[in-house]
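In what follows, a single structure is set out as structure tokens and then discussed.
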Amino acid sequence: MQAKLRIGLAEQTLLAALGQAAVYSEKHSTPPPNIQSPLEEAVKIVKQAYSVLPVYDKIVPALLSDGVWNLPNTCSFTLGVPVGPMLAKPTKGVSEIVQKFQNTEYTCEFKYDGERAQIHYLEDGSVEIYSRNAERNTGKFPDVVAAVSRLKKSSVGSFVLDCELVAYDREKQKILPFQVLSTRARKNVVMSDIKVNVCIYAFDMLYLNGRPLIQEELKVRRECLYESFEEEAGFFKFASAITSNDIDEIQKFLDAAVDGSCEGLIIKTMNKDATYEPSKRSLNWLKLKKDYMDSIGDSLDLVPIAAFHGRGKRTGVYGAFLLACYDNNNEEYQSICKIGTGFSEAVLEERSASLRSKVIPKPKSYYRYAETITPDVWFEPTEVWEVKAADLTISPVHRAAIGIIDPDKGISLRFPRLVRVREDKTPEQASSSEQVAEMYSSQSHNQSNNQDDNEDD
DNA sequence: GTTGTCTGCCCC
DNA sequence: ATTCTGC
DNA sequence: GCAGAATGGGCAGACAAC
């Protein structure tokens with residue numbers, strides 16, 4: 001049994017406890033008047049302080065020496081220490097956005113498919129780059145360090161930049177897929193060894209020339225951003241943005257984003273509730289991707305052919321399933337992905353019960369999958385599930401459409417989740433290998449997709 | 001040296 | 001990453 | 001509405017096995 005007692009999982013709970021403890025042991029000052037619930041207020045203060053300075057070695061001593069009520073003064077944003085990146089909430093369509101933000105000025109930006117980065121530039125010219133999870137990435141991106149140092153304007157002596165690092169082909173002047181970005185080396189990278197270039201797509205500024213901007217409105221922060229850097233193709237660009245509240249215009253912008261190899265849009269208010277909220281998935285930022293929308297985006301009908309026992313709250317039911325598409329030519333089921341999300345507890349219980357009676361001792365001879373995949377149980381092919389995905393990718397392990405796109409690699413799904421059970425389909429009516437290959441080819445990265453160069457007339 | 005397997009306060 | 005659920 | 005807990009693909013690195 002490996003019980004990893006590790007702080008960080010129930011972080012919010014721990015911070016709450018810390019805040020309450022601080023109130024009970026408070027001996028420095030009394031809570032400000034006008035406070036209804038000192039306990040709740042203290043929790044807020046501690047959480048706020050931590051989000052801006054996530055260092056227990058600073059927070060706890062500050063609590064002990066100067067008390068909770070002074071914490072906003074004793075623990076504030078510090079250059080060189082990463083703050084939690086502001087997150088966005090999924091949204092189902094343009095109409096939901098227009099409705100939620102009516103009477104409010106808001107902006108839409110491209111959501112680039114790369115790696116989030118928070119770049120700190122200190123007065124002494126040193127640079128630190130942090131990942132979405134506050135990992136120190138500086139050694140992975142010496143090219144980014146050089147680019148920001150070169151492209152900041154001379155008036156800029158310090159800054160914190162929020163941006164997306166995206167793989168980029170500077171000859172063809174186009175964005176490359178996330179899968180290409182992830183092939184970059186991760187440690188002690190030297191400039192001359194870099195094979196995959198990145199372009200910085202900047203969208204926010206949290207600090208400039210000694211001035212914290214977190215509590216400023218986006219309008220102000222963006223102004224600071226635009227005035228602090230020179231753009232340069234293939235190296236540093238501001239995220240494409242429009243300010244509009246017109247449904248059609250936003251819809252067109254979303255299409256443009258997808259055409260431009262982006263995942264979708266991020267929508268942000270400019271003035272109202274427009275401060276930078278570290279780590280919070282508050283309503284302030286929304287994300288819109290095609291695969292969130294009903295009846296649009298890639299949807300496939302797939303057959304569960306195996307499963308894995310669940311853990312934790314999934315103990316006693318299956319926790320994940322291996323899915324396959326059907327290859328009509330070879331009359332075989334080819335693995336395409338595992339799936340473990342999108343099930344309500346009731347549906348998961350149902351499916352587990354139903355498939356438990358379809359367990360077979362060995363995989364069928366007509367199941368095609370990698371030997372490295374070792375499910376706990378195999379099934380007779382009996383059900384068809386509708387599954388949604390953000391993307392189709394060339395896979396090192398799965399076998400869907402093998403031989404069509406690539407001679408010996410199959411296709412898999414990015415972010416697969418269950419939509420519903422297709423009671424009306426038999427396994428042989430599942431998505432075919434040809435259909436999978438076709439869906440892969442028609443993605444915007446891949447060569448001949450654009451025009452209506454398609455079949456019949 | 002090569003190949004295989006597993007892990008990551010991983011990235012998405 | 002996505003999704004669901006208890007509070 | 002938020003925090004937490006289930007779960008996905010896939011990469012470089014680390015390390016074990018050969």
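Order of the sequence lines fixes the chain letters, A, B, ..., with proteins taken first and strands second; residue numbering starts at 1 for each chain.
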Salt bridge (Lys or Arg N to Asp or Glu O under 4.0 Å) contacts in which one or both residues fall within residues 388-398 of chain A, not counting sequence neighbours: A:Asp391-A:Arg414
Roughly, in whole Å, what's the span from [atom1] in [X] to [atom2] in [N]?
| X | N | atom1 | atom2 | value |
| --- | --- | --- | --- | --- |
| A:Tyr292 | C:dC4 | OH | C1' | 15 Å |
| A:Leu15 | D:dG4 | CG | P | 9 Å |
| A:Lys195 | D:dA12 | NZ | C1' | 12 Å |
| A:Tyr130 | B:dC9 | OH | P | 16 Å |
| A:Leu286 | D:dG1 | CG | P | 11 Å |
| A:Gln12 | B:dC9 | CD | P | 20 Å |
| A:Glu371 | B:dG4 | CD | C1' | 14 Å |
| A:Asn137 | B:dC12 | CG | P | 9 Å |

Sub-4.0 Å heavy-atom contacts from residues 171-190 of chain A onto DNA chain B, ordered by number: A:Phe178, A:Arg186
Within residues 93-113 of chain A, residues whose heavy atoms come under 4.0 Å of DNA chain B: none
Any chance the side chains of [X] and [Y] put a donor and an acceptor closer than 3.5 Å?
| X | Y | answer |
| --- | --- | --- |
| A:Tyr276 | A:Asp162 | yes |
| A:Tyr326 | A:Gln334 | no |
| A:Gln443 | A:Ser441 | no |

Taking only N and O in the side chain of [X], is any of them less than 4.0 Å away from OP1 or OP2 of [N]?
| X | N | value |
| --- | --- | --- |
| A:Asn133 | B:dC9 | no |
| A:Lys338 | D:dG8 | yes |
| A:Lys89 | D:dC2 | no |
| A:Thr341 | C:dC4 | no |

Just list the side-chain donor-acceptor pairs under 3.5 Å for residues 292-299 of chain A, sequence neighbours left out, or say none.
residue, atom, partner, partner atom, Å
A:Asp294, OD1, A:Lys92, NZ, 3.2
A:Ser299, OG, A:Glu386, OE2, 2.9

Do the side chains of [X] and [Y] get close enough for a salt bridge, i.e. N-O under 4.0 angstrom?
| X | Y | result |
| --- | --- | --- |
| A:Asp193 | A:Arg184 | no |
| A:Arg221 | A:Glu216 | no |
| A:Lys44 | A:Glu40 | no |

Involving DNA chain B, stems made of at least three consecutive Watson-Crick or G-U pairs, both distances under 3.5 Å: B:1-8 with D:11-18, B:10-12 with D:8-10
Side-chain heavy-atom pair A:Leu322, A:Trp378 within 4.5 angstrom cut-off: yes
Sugar-phosphate, base or nothing in reach of A:Lys140, heavy atoms under 4.0 Å: nothing
Set of side chain to side chain donor-acceptor pair (under 3.5 Å) partners for A:Glu105, sequence neighbours left out: A:Lys219, A:Asn271
Within residues 293-325 of chain A or reaching into it, pairs that qualify as ring pair (Phe, Tyr, Trp, His ring centres under 6.0 Å) - sequence neighbours excluded: A:Tyr318-A:Phe321, A:Tyr318-A:Phe379, A:Phe321-A:Phe343, A:Phe321-A:Trp385
By ring pair (Phe, Tyr, Trp, His ring centres under 6.0 Å) - contacts of A:Tyr440 (at least two apart): none
Residue pairs, two or more places apart or on separate chains, that pass side-chain hydrogen bond (donor to acceptor under 3.5 Å, both in side chains) and touch residues 169-180 of chain A: A:Arg170-A:Asn197
Sequence-distant partners of A:Lys290, salt bridge (Lys or Arg N to Asp or Glu O under 4.0 Å), two or more places apart: A:Asp255
Listed partners of A:Lys338 passing salt bridge (Lys or Arg N to Asp or Glu O under 4.0 Å), at least two apart: none
Pairwise [atom1] distance, [M] and [N] [rounded to whole Å]:
| N | M | atom1 | value |
| --- | --- | --- | --- |
| D:dA3 | B:dC11 | C1' | 22 Å |
| D:dT7 | B:dT7 | P | 15 Å |
| D:dA6 | B:dC12 | P | 23 Å |

Along DNA chain C (nearest heavy atom to each residue), the more 5'-positioned of A:Asp291 and A:Ala346: A:Asp291
Which nucleotide in B:dC11, D:dA3, C:dG6 has an atom nearest any side-chain atom of A:Glu345: C:dG6
Nearest-neighbour nucleotide for the A:Glu115 side chain, D:dT7, C:dG6, B:dC12 considered: B:dC12
Those residues of residues 382-419 of chain A lying under 4.0 Å from DNA chain C by at least one heavy atom: A:Phe415, A:Arg417
